[in-house]
2 protein chains.
Amino acid sequence: MIRTTHQGDAIRRVLKKAGRPLAPQEIFDAAQREVSGLGIATVYRNLKSLQQEGAVTSVELPGQAPRWELAGDRHHHHFLCNTCDKLYEINACPEDIKNLLPKGFTLEEHDILLRGQCIACARKDSLQEVKKQPK
Amino acid sequence: MIRTTHQGDAIRRVLKKAGRPLAPQEIFDAAQREVSGLGIATVYRNLKSLQQEGAVTSVELPGQAPRWELAGDRHHHHFLCNTCDKLYEINACPEDIKNLLPKGFTLEEHDILLRGQCIACARKDSLQEVKKQPK
DNA sequence: GTCGTTGCAAAGCGTTTGCAGCCTA
DNA sequence: TAGGCTGCAAACGCTTTGCAACGAC
């Protein structure tokens, strides 16, 4: 039987509020503001059980610790900004994924991670270029 | 200045021979057979410097330690078998990747990981079903 | 001989686990 | 009150680092 606890509530609330995948440490920092004395182990334990009940999913990133997001009902992928390291949701999916598959292989899932520059960082960059030009 | 060493040679040879991405521990086990007394730290150090010189690349997998492969000249993706955990190269790429991108975002790289059952495991499964049927 | 490289062991770092006490139902 | 959940600290597994010795050039 699963009990409602302040800690678990806070963790869920933090994830919901963020609206983007968070690292365990980020969740810990934010949730600790609501529940003082919170332990990092509790964050991991809650994430694990939330994952088992399908309420959250982990997003694995190259060379980084996984981040966690509330499980949406929609299939989606992610975009990682190479500049600010922020992770975005992409609500689209290539049509021709299955065509990549060698013969005899069966496809069950697929992960796609796009990387580049997000709109916020792209704007900053072009602003800086404008600033630099007069020199 | 970079020196040639038995350890470094063995590591490169192991990667070349494997022809698929290997985990550091796998590389260590195989290279140790050629160079006894080899330390795991040396494997990590070599992989790191090989990566810096662009000779090898790391393949990041969800929830697993990265695996390493010799850097090919061809852009490719990977297929991870959910049954035998073996990682395959996919020499194809979706055409419409750029269409996924939100406006204002710029794409620099993309990773795709397909998962399912490889041809070897799919065959084993169908054999077992045949075996089971007579019962 | 120089100094890049190595093996070993210790240290790091993120994550998990053991345990006694707490708190929800 | 029962037993799931918690905080703490220790343990973990993988990776990195410090250091003295080794060996390629």
Side-chain angles (χ1 to χ4, degrees), chain A residues 1-15 18 20-69 80 85-87 113, chain B residues 1-15 18 21-69 80 85-87:
Chain A
M1 175 209 216
I2 296 171
R3 290 183 181 168
T4 308
T5 64
H6 294 142
Q7 292 89 340
D9 287 348
I11 290 168
R12 244 174 304 228
R13 220 177 301 128
V14 165
L15 284 172
R20 63 181 181 88
L22 298 178
Q25 189 62 48
E26 289 181 288
I27 300 169
F28 175 62
D29 292 342
Q32 208 171 35
R33 268 176 242 130
E34 306 190 25
V35 183
S36 62
L38 175 69
I40 185 80
T42 299
V43 173
Y44 282 104
R45 275 190 282 233
N46 271 271
L47 287 175
K48 204 171 175 181
S49 54
L50 283 171
Q51 186 181 35
Q52 281 174 346
E53 62 182 80
V56 305
T57 54
S58 66
V59 185
E60 312 281 341
L61 301 174
Q64 298 188 18
R67 305 188 190 181
W68 299 80
E69 65 183 349
L80 180 62
D85 204 47
K86 209 168 165 183
L87 192 63
L113 178 65
Chain B
M1 178 209 215
I2 296 169
R3 289 183 183 169
T4 309
T5 64
H6 294 142
Q7 292 87 342
D9 288 348
I11 289 169
R12 244 174 304 229
R13 221 177 301 127
V14 164
L15 283 172
L22 298 178
Q25 188 63 48
E26 288 181 288
I27 301 169
F28 175 62
D29 292 342
Q32 208 171 34
R33 268 176 243 131
E34 306 191 25
V35 183
S36 62
L38 175 69
I40 184 81
T42 299
V43 173
Y44 283 105
R45 276 190 283 233
N46 271 271
L47 286 175
K48 204 172 174 181
S49 53
L50 284 171
Q51 186 182 35
Q52 281 174 347
E53 63 183 79
V56 306
T57 54
S58 66
V59 185
E60 311 281 342
L61 301 174
Q64 297 188 19
R67 304 189 190 179
W68 299 80
E69 64 184 350
L80 180 64
D85 204 47
K86 210 168 165 182
L87 192 64

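Sequence lines set the chain letters: A, B, ... in the order given, protein chains first and strands last, and positions in each chain run from 1.
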| said: Without decimals, in angstroms, what is the distance between A:E60 CD and C:dG14 P? | reply: 16 Å
| field | Nearest-angstrom distance from the residue atom CG of B:L38 to P of D:dG23 | value | 14 Å
| request: Let me know the distance between CG of A:L47 and C1' of C:dG14, rounded to the nearest Å. | output: 13 Å
| Pairing residues for B:E69 by the side chain to side chain contact (heavy atoms under 4.5 Å, CB included) criterion, not counting sequence neighbours | B:P21, B:T57, B:V59, B:H76, B:H78, B:E89
| request: Give the rounded distance in Å between these two atoms: CD of A:Q52 and P of D:dC5. | output: 11 Å
| request: Report the distance from atom CG of A:L47 to atom CD1 of A:I27, rounding to the nearest 0.5 Å. | output: 4.5 Å
| To the nearest angstrom, how far is B:Q25 atom CD from D:dC14 atom P? | 7 Å
| field | Atom pair CD (A:Q64) and CG (A:D85), whose distance is rounded to the nearest 0.5 Å | value | 4.5 Å
| field | Under the side chain to side chain contact (heavy atoms under 4.5 Å, CB included) test, residues paired with B:I40 that sit two or more places apart | value | B:Q25, B:F28, B:Y44
| note | Sorted by chain and residue number, the side chain to side chain contact (heavy atoms under 4.5 Å, CB included) partners of A:A41 (sequence neighbours excluded) come out as A:R45
| Roughly how far, to the nearest 0.5 Å, is CG of A:L87 from CZ of A:R20? | 8.0 Å
| field | Value rounded to 0.5 Å, distance of CG in A:N46 from OG in A:S49 | value | 5.0 Å
| message | How many whole angstroms separate atom CG of B:N46 from atom P of C:dG7? | response | 9 Å
| If every non-hydrogen atom of A:A31 is compared with every non-hydrogen atom of A:I11, which pair is closest and at what distance? | CB-CG1, 4.3 Å
| request: Please list, chain by chain and in numerical order, all residues satisfying side-chain hydrogen bond (donor to acceptor under 3.5 Å, both in side chains) with A:R12, sequence neighbours excluded. | output: none
| message | Treating primed atoms plus P, OP1 and OP2 as sugar-phosphate and everything else as base, which nucleotides of nucleotides 20-25 of chain C get B, S or - for protein heavy atoms under 4.0 Å? | response | ---BBS
| Distance check: side-chain N/O of B:Q7 vs OP1/OP2 of D:dG23, anything under 4.0 Å? | no
| request: Measure from CD on B:E53 to C1' on C:dG4 and round the result to the nearest Å. | output: 14 Å
All N/O pairs under 3.5 Å across the protein-nucleotides 16-22 of chain D interface:
from: D:dG18; atom 1: O6; to: B:R45; atom 2: NH1; distance (Å): 3.3

| In whole Å, what is the span from the CH2 atom of B:W68 to the C1' atom of D:dC14? | 13 Å
